[in-house]
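Report on one structure; see the data block that follows.
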Amino acid sequence: MKMESGFLPALQSHWRDRTSFTFLDLNFDDGSRFLAVAAALLDDPHAPGGLHYFVMAPHWNMAAVAAQAAAMPAAIAEAPFARLAEQLGRAWAPMVAGFQRLILAEGRLVLTLASGTPAADLPQLDLAFDAACCRYADAAPNAVRWLGRLAAADALMVLGGPPGSVAEAETHADFLRAGFADDGAASDIESAAGIRLLRFTRRIASRSLPPHLAFRLPAHAEKHAIVIGAGLAGAAACHRLAARGWRCTLIEQHAAPAQQASGNAAGIFMPVLSQDDNPLSRLSRAAFLFALHIWDGLGGVGAGLEGQACGVLQLPRSDARADAGKDVPPALPPDFARGLSSMEATAALGQRVGGGWWFGKAGWLRPASVCEAMLQACGDRLSTLYGRQAARLREADGLWQVLDSAGTAIAQAPAVILSNGVQAVQLAQAAGLPLSAIRGQVTHLPASAANVPFVVCGDAYLTPPSAGVASLGATYDSDADPALRTAGHLQNIGNLQRMLPDWAPPAGMDAAALGGRVGFRCVTADRLPLAGALPDIAGDSGAGMGDKRLERPERLEDMPRPAGLYGLLGYGSRGLIWAPLMAELLAAQLNGEPSPLPRGLAALLDPARFALKQRRRHPQE
């Protein structure tokens, strides 16, 4: 089937001078089609400013795609494509279940890889495609119906397969029923490339906007957002919005970024595994992979960012079930995660431990260095207001104003993003969000007490020493005491001894004299982040007036929301990996772009999920 480049003239005519364009590829094959489209994009002066290339495939091999890109003919591999080939060579996209997003060609090309098959998994896509490529073999009737739901107005559909087959005739009829029609001007292209071109000719009215469009700012609104809070969440929000051309105003009560929960000397980054591959595991896997990709663009761990991608050995907790060792997560590639026997783990660590899981790409980072790098990458699109307290929000004429405690306006913009942790609930518009603060005390051990070559975690986490100290922690306390406590150090040391039974403190080490840091994690009631448009808790937005469906919402899309008010909150102990993906999810929503997550997982992060449950339980309130 010659689909790799035969449709490019029609595609280039269709995308001409657009601001953005979404291409859905339902048969990635060896990546040849993707590379052909990428080359056309980078070589076409009338190409869209941004192309979302969305792939749904049961398997892929990015290393092979990168090798093919590097071997492209010299006539194609001009400077822009050569840089793309180099980026693909660095990118790590293992074949794991879920979505993976790569930002390429200085943001002009966004590649999203979604594992699955069209017949089963198209309902999880949150996008409207402008063009798509599909084989007859992948076009089951249910898949075709969903393609009709996902198609944008006048979308181009490229079909390929053995001509004249029964499958071709039946599939063609299915597409006609789904709202597509033959493109009469494409006969020459069809005969040359063995493909059939269709156009989507109608829109099927739905009872609400698709999720990826539901919270987009009006087209006339200025691309300007106020971000409150300069920790990992806020810095990532500025980074992902600035990359899309947004202007960001960052308000922080302290004199510098990363002064609260993001201010620890070291934070570990790793995914979560579970036997049933539960939502937390799937979300953390997507977040971990996207974070590594974003950090690579910031110079990389250990280079542009302070830390080490030294690997993490995860050991079972001492309070785990006796049969916990029998829990085996779904098959994962060994470069993502692999099990180690007690003998293997002991040999690698240099001291006696039980078996565990090894994450070779994981490690530790100084969170403040990540914040600083993300903010610096924003360039002149970022304005910072340090030492200013956001005490109140006021909305008027489509703009939000942020006021200080004296009632003076600090800044105004069409959008406000709350990224200030549990302090967000001090604002009236977020007062009902189920956020709480959990105290965490980290102990700083001298290097002589922490001779580990990589991060070890289980009952506690221990990082390799850096600048003479290693981080051990952290406690999980319910009080609000900001001071270091000897009891907290002793608790961390006790957890370390349970995790590493042969570990002993060096002679003369006094727990009361150890350094450390106390931070407060912001957590939600279900321990998953909040990322997206906030619910109208105070009932001030007027949404739902005269609309019975909105008075008794059944879906998250139906929940009333204050226009232009968003949150990135509740990252708990996983701020390093949550921050980039949550910010990407929100930035995609604001721009009306394809979501980086399946619809089901994105719904679990919606800030309105708790309010919706409350309304379902008490519909009369």
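Every heavy atom of this structure was used, including side-chain atoms; hydrogens, water molecules and symmetry mates were not.
A heavy-atom distance below 4.5 Å is found between the side chains of V456 and L500. Using a 4.5 Å heavy-atom threshold, the side chains of W503 and L462 count as separate. Residues L418 and V227 form no side-chain contact, since every pair of their non-hydrogen atoms from C-beta on lies 4.5 Å or further apart. With a 4.5 Å cut-off on side-chain heavy atoms, L435 and L530 count as touching. Using a 4.5 Å heavy-atom threshold, the side chains of L298 and M374 count as touching. Side-chain contact check for M62 versus L113: some heavy-atom pair is nearer than 4.5 Å. Side-chain atoms of L102 and V110, non-hydrogen and from C-beta on, never get closer than 4.5 Å to each other. The side-chain heavy atoms of Q100 and W60, taken from C-beta on, include a pair separated by under 4.5 Å.
Under the 3.5 Å distance criterion, the side-chain polar atoms of R108 are matched with a main-chain donor or acceptor of P48. At distances below 3.5 Å, at least one donor-acceptor pair connects side-chain atoms of T346 with backbone N or O atoms of V353. A donor-acceptor pair under 3.5 Å links the side-chain atoms of D130 to the main chain of T22, judged by distance alone. Judged by distance alone, with hydrogens and angles left aside, the side-chain atoms of Q259 form a donor-acceptor pair with the main-chain N or O of P257 at under 3.5 Å. In terms of modelled atom types and a separation under 3.5 Å, the side chain of E252 and the main chain of H254 share a donor-acceptor contact. Side chain of N61 to main chain of A64: a donor-acceptor pair is present (N/O by atom type, distance under 3.5 Å, no hydrogens or angles).
Nearest heavy-atom pair across T524 and L528 is OG1-O, 2.6 Å. Closest non-hydrogen pair, A265 versus H444, comes out as CB-NE2, 4.1 Å. The shortest heavy-atom contact between C457 and M499 is C-SD, 3.4 Å. Summarising the geometry of L84 relative to A105, their closest heavy-atom pair is CD1-N, 4.5 Å, with the distance given to 0.1 Å. Contact record, A579 with Y571: CA-CE2, 3.6 Å, taken as the closest heavy-atom pair. The shortest non-hydrogen separation linking A287 to W578 is CB-CE3, 3.7 Å.
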- Task: Begin from the C-alpha positions of V37 and L51 and carry the test side chain to side chain contact (heavy atoms under 4.5 Å, CB included) through to its verdict.
- Result: CA-CA 10 Å; V37 171; L51 172 65; 3.7 Å; yes
For this session: Take R285 and V96 through the side chain to side chain contact (heavy atoms under 4.5 Å, CB included) test and state the conclusion after the steps.
Result: CA-CA 9 Å; R285 180 166 60 239; V96 296; 3.7 Å; yes
Q.
What verdict does the side chain to side chain contact (heavy atoms under 4.5 Å, CB included) test give for V452 and L349, after you've listed the backbone C-alpha separation in whole Å, the side-chain angles of each residue and the deciding distance to 0.1 Å?
A. CA-CA 7 Å; V452 291; L349 185 61; 3.9 Å; yes
Would F269 and W295 count as a ring-ring contact (aromatic ring centres under 6.0 Å, His included) if you check the C-alpha gap in whole Å, the side-chain angles of each, and the deciding distance to 0.1 Å? CA-CA 12 Å; F269 59 91; W295 297 338; 5.0 Å; yes
What do the steps show when you test E344 against R338 for salt bridge (charged side-chain N to carboxylate O under 4.0 Å, His left out), and what is the final call?
-> CA-CA 11 Å; E344 292 171 321; R338 63 187 179 94; 5.1 Å; no
* Asked: Between Q423 and Q260, does a side chain to side chain contact (heavy atoms under 4.5 Å, CB included) hold up when you go through it step by step?
  -> CA-CA 11 Å; Q423 291 182 331; Q260 294 192 5; 3.8 Å; yes
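Checked for salt-bridge contact, K361 and D335 miss the test: no charged N lies under 4.0 Å from a carboxylate O. By the 4.0 Å N-to-carboxylate-O rule, E593 lies close enough to R244 to be salt-bridged with it.
Judged purely by distance below 3.5 Å, without hydrogens or angles, the side chains of S595 and D126 never pair a donor atom with an acceptor atom.
In this pair, F34 and F28 present their aromatic rings tilted. The plane angle is within the 30 to 60° band. By the 30° and 60° cut-offs, the orientation of the rings of Y53 relative to F23 is parallel.
The distance between the ring centers of F21 and F129 does not fall below 6.0 angstrom. A centroid separation of less than 6.0 Å is found between the aromatic rings of W358 and F454.
The environment of CD in Q351 is crowded: more than 12 heavy-atom neighbours from other residues, nucleotides or ligands sit within 6.0 Å.
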